[in-house]
Structure formats: C-alpha cells, structure tokens
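Please read the structure below before turning to the comments.
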Amino acid sequence: MHSDIKEIMFSEKQLSDITDRIAEQINRDYGSSDIIAAVVLKGSLIFTADLIRRLNMCVRLDFIQASSYGAGTQSSGVIRIKKDLENDIAGKHVLIIEDIVDSGRTLALLKKNLKDRGAASVRIAALLSKPSRRVADVEVEYIGEEIPDEFVVGYGLDLAERYRNLPYIGILKPEVYL
Ligand code: IMP
Ligand code: MG
C-alpha cells in the first residue's frame, strides 16, 4: 500500500496542524452554540474524528451519504441520498464535514437540501479543496488547504475504496492506475 505512493503531500504532522487551524476558526465562530456535525461518508471519517476532538462546543454526530447525478444528464442538479441524517435539523446549526471539494456539485446540493429542512445555519468544513475543478457555486466556509488538480489518497480518501487507512495524504504512482 505505502509502496503505491509517489509523493506525500501532507504528513501526519501537517494534517494535525491543518486540523488545529480549522478547529480554531470553528471554535471562534460558533462559541458555545451546539452543532450537529453532518459527516459526509465515507472519506471524511478520519478528518472528522480528529476535528471534533478539537471542538469546544457540544457536537452531535450524524452521518449522510449522497451523490449528485453527473452533469449533462436530465437529472443533474438532483441529489441522491444513500444514507440520510438521523437528526431532525430544523432550527439547528449544522456543520457539514467533507474530505475534499472537487466540482462542488455534491456539496452545493447537500447544502441546499439541509437548508431546505429549516436548519438555523448550514456551513461546510472541508479538509481539502481543488479550486481549479470547481463547477458548482458553493460557499465552503472552512477549508484546510487548497491543492492542485491531482488525485490524492489516504487519511480517509480512497481510490476504489483503497488507501483510506494511510495516515498521510499522498499522490499515487501513475502505474497504479494501469
Ligand atoms: P464533487 O461533488 O465533484 O465535489 O466530489 C467530491 C467527492 O469526490 C469527494 O467527496 C471525494 O469522495 C471525491 N474526490 C474528489 N477528488 C478526490 C481525490 O483527489 N481523491 C479521492 N477522492 C476524491
Ligand atoms: Mg470518495
């Protein structure tokens, strides 16, 4: 598994520092308001575990798994929820936790969907973002690091369900894709 990695983009120490920084901003912005963490499965699992232990307010954990239909189809702009939240979020402050923002399609639809349920507020915390890939117009309030258009794995991020358990984030060797 480790031998499939060409280059480490973020070491465990760097990921810890990034997470410190995001948590500081969230603690400052929300103060003592309770939040519901809407964890987008599965990639953000590890980031979530590290992030919420740095948060000072009461955090309720909830999970959602969603996908957007591809662009160019009749149904684009529709979100398919594979697993929904268990909490009624009306009147609650919801923080969506995501591993990486790529086109932004999934998050744009998810944010709208959760707002439509009457949440008091809906914000997004994403560990990584690829701004050059953005298609959907979605505000991501907390971003750990912006990265170039490279496919990365580890720390929850996968290629076909593999590499999620790497403790760092890295770029795969090209031959892995062959
Ligand atoms: P979006 O709707 O196009 O923004 O899709 C974002 C989702 O695509 C993320 O939640 C990831 O599951 C996946 N993704 C995007 N880029 C990467 C990457 O570099 N590595 C692993 N997964 C990625
Ligand atoms: Mg994925």
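We use all heavy atoms of the structure for the numbers below, so side chains are in, but hydrogens, waters and symmetry mates are not. Ligands are counted one by one from 1 in listed order, and the atoms in each one are counted from 1 as well. These figures come from a predicted structure and were not determined experimentally.
Judged by the shortest distance from any of its heavy atoms, Asp99 lies inside the 4.0 Å radius around the atoms of ligand 1. At least one heavy atom of Lys130 lies less than 4.0 angstrom from ligand 1. Heavy-atom distances between Gly43 and ligand 1 stay at or above 4.0 Å for every pair.
Annotation: side chain of Ile169 is in contact with side chain of Leu127 (closest heavy-atom distance under 4.5 Å).
Set against the non-hydrogen atoms of Glu150, the atoms of ligand 1 under 4.0 Å away are 19 (O). If you number the atoms of ligand 1 from 1 as listed, the ones under 4.0 Å from a heavy atom of Leu157 come out as 21 (C), 22 (N). Listed by atom number, the atoms of ligand 1 under 4.0 Å from Asp158 heavy atoms are 21 (C). Each of the atoms 1 (P), 2 (O), 3 (O), 4 (O) of ligand 1 lies under 4.0 Å from some heavy atom of Ser103. Every atom of ligand 1 with a heavy atom of Glu98 under 4.0 Å away is listed here by number and element: 10 (O).
A tilted orientation is assigned to the rings of Phe47 and Tyr155, their planes being inclined by 30° to 60°. Using bins of under 30°, 30° to 60° and over 60° for the plane-to-plane angle, the ring pair Tyr30/His93 lands in the perpendicular bin.
Under the side-chain hydrogen bond (donor to acceptor under 3.5 Å, both in side chains) criterion, Ser103 pairs with no residue, sequence neighbours left out.
In this structure, Leu166 and Met1 approach most closely via the heavy-atom pair CD2-CE, 3.6 Å.
By the neighbour-count criterion of 12 heavy atoms within 6.0 Å, atom CD of Gln65 is densely surrounded, having more than that number from other residues, nucleotides or ligands.
Residues Ile18 and Leu157 share a hydrophobic cluster, clusters being chains of Ile/Leu/Val/Met/Phe/Trp/Tyr side chains in contact below 4.5 Å.
By the 3.5 Å distance cut-off applied to N or O atoms, Val152 is counted among the residues near ligand 1.
In this comparison of Ile100, Leu128, Val135, the heavy atom closest to atom 7 (C) of ligand 1 sits on Ile100.
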